[in-house]
Protein chains: 2
Amino acid sequence: MKRNAPARDPGKHDHRKCVHTALSTAEAVCKARGEKLTPVRKRVLELVWASHRPVGAYALLDSLRADGRSAAPPTVYRALEFLLALGLVHRVESLNAYLGCAHPASDHAAQFLICRQCGTAAELEESDIATAIDRHAKRAGFAVERRTVEAMGLCAACQTA
Amino acid sequence: MKRNAPARDPGKHDHRKCVHTALSTAEAVCKARGEKLTPVRKRVLELVWASHRPVGAYALLDSLRADGRSAAPPTVYRALEFLLALGLVHRVESLNAYLGCAHPASDHAAQFLICRQCGTAAELEESDIATAIDRHAKRAGFAVERRTVEAMGLCAACQTA
DNA sequence: GCGGCATCGGTTATAGTATAACAATACCAT
DNA sequence: ATGGTATTGTTATACTATAACCGATGCCGC
């Protein structure tokens, strides 16, 4: 699997802007919730947003160390825990990896489309998927609290290639 | 989380029969596909079916060793790989654990309802959930190959308790 | 200012999950 | 019996995650 190319065709979006938006939103979310976006947390968020691919915790750790920062696994896991709690990043269960959240403002049920070829992940936020799950769960008497929905396959670009 | 009680109210189903059915079906599936259900594989399947809870690979390993069998991680991972390939067990991504498949005959898209209290997992097989995912994926130009759908929450029994 | 408290990050150690690589064995077909 | 293939044994190691403890920092009330 290719993992080093840019996450999307660079012609198709300004990734710098992408990251900048994510960081600004994060500042706003933290302010609103009375939480602090410390340098470590901010840097981890920035690193997660460095691509549109889910990133492993240890890859983030390596990047922190490359910054010259003293870091150990708890450093990155604590930052991720914080960011996850605020909905600023998602965990991709089927990859044990983390992804920047595209819509952190809302307390949403997200779904992911993960390309097995290029590794990019797109985030959906379709309420009817969540609703369908909840409906069948309810029929079984089950009270849903969290949903994990991840589709593996090929993105548009990798299908043609 | 309670993890030692029986998976369901023992009055509600004959679990011995449950396991027996799973093993017979497995024999049939293997025969039909020209694969061998060796003693290790059969035993791992039986252990996975010992409860209606997802079981970790290392718990299976401990059980194999308790049998007096010489076993190491690859022993159980190879058996699981085999059983997964035949659709006889599922992997629950959000728990890194394995669950006997309730409907191994069909090549189905399964969904799971996992109780965070008692640890039991119920398997659904609702085509409309898969269809909803596929529909939104298609709109994004994404070709779905596998879906992971796992709902965490409280089962009927644990809600009343 | 000072003490007390809470939060955060650093550090070490360890738990938990999974696979690579190679050796030995069992099984089957000829 | 012989050779080939599938399976299992064995050792080592990689990858993912958390526990526990400590020191630094900053804030708050007095």
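Note that these values count all heavy atoms, side chains included, but never hydrogens, waters or copies made by symmetry. In what follows, chains carry the letters A, B, and so on, assigned in the order in which the sequence lines appear, proteins first and then strands, with residues in each chain numbered from 1.
- Between the OH atom of B:Y58 and the P atom of C:dT17 there is a distance of 8 Å, rounded to whole Å.
- Mapping B:P39 and B:P73 onto DNA chain D via the closest heavy atom, the residue that lands nearer the 5' end is B:P39.
- Summarising the geometry, the separation between CG on B:L64 and C1' on D:dT8 is reported as 12 Å, rounded to the nearest angstrom.
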Apply the test side chain to side chain contact (heavy atoms under 4.5 Å, CB included) to residues A:E27 and A:C30: give CA-CA distance (whole Å), side-chain angles for both, the deciding distance (0.1 Å), then the verdict. CA-CA 5 Å; A:E27 300 276 15; A:C30 286; 5.8 Å; no
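- Judged purely by distance below 3.5 Å, without hydrogens or angles, the side chains of A:H136 and B:Q111 never pair a donor atom with an acceptor atom.
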N/O contacts under 3.5 Å, protein versus nucleotides 5-7 of chain D?
residue: D:dT7; atom: OP1; partner: B:R41; partner atom: NH1; Å: 3.3
residue: D:dT7; atom: O5'; partner: B:R41; partner atom: NH2; Å: 3.4

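- Counting only heavy atoms from C-beta outward, the side chains of A:R91 and A:N96 approach each other to under 4.5 Å.
- OP1 or OP2 of D:dA17 lies within a sub-4.0 Å distance of a side-chain N or O belonging to A:Y98.
- Per the geometry, CG belonging to A:L37 stands 15 Å off C1' belonging to C:dT7, to the nearest Å.
- At least one side-chain nitrogen or oxygen of B:R91 sits closer than 4.0 Å to the OP1 or OP2 atom of C:dA18.
- Side-chain contact between B:L95 and B:I114 is present, with heavy atoms from C-beta onward closer than 4.5 Å.
- When rounded to the nearest whole Å, the span between CG of A:L61 and P of C:dG9 equals 15 Å.
- A:C18 places a side-chain heavy atom less than 4.5 Å from the side chain of A:W49.
- Between B:T75 and D:dT8 there is no side-chain N or O to OP1 or OP2 distance below 4.0 Å.
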With the criterion being N/O to N/O and under 3.5 Å, what pairs connect the protein with nucleotides 20-25 of chain D, and how long is each?
none

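- Rounded to whole Å, atom P of C:dG16 lies 16 Å from atom CG of A:N96.
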B:R135/A:E126 under side chain to side chain contact (heavy atoms under 4.5 Å, CB included): CA gap, chis, key distance, verdict: CA-CA 11 Å; B:R135 179 162 37 85; A:E126 307 296 344; over 6 Å; no
Would you mind writing out the side-chain donor-acceptor pairs for residues 73-87 of chain A within the sub-3.5 Å range, not counting sequence neighbours?
residue: A:T75; atom: OG1; partner: A:A72; partner atom: N; Å: 3.1
residue: A:T75; atom: OG1; partner: A:A72; partner atom: O; Å: 3.1
residue: A:R78; atom: NE; partner: A:P74; partner atom: O; Å: 3.4

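- In this structure, B:E81 places its CD atom 19 Å from P of C:dT17, rounding to the nearest Å.
- Taking atom CG on B:L60 and atom C1' on C:dT17, their separation rounds to 13 Å, with Å as the unit.
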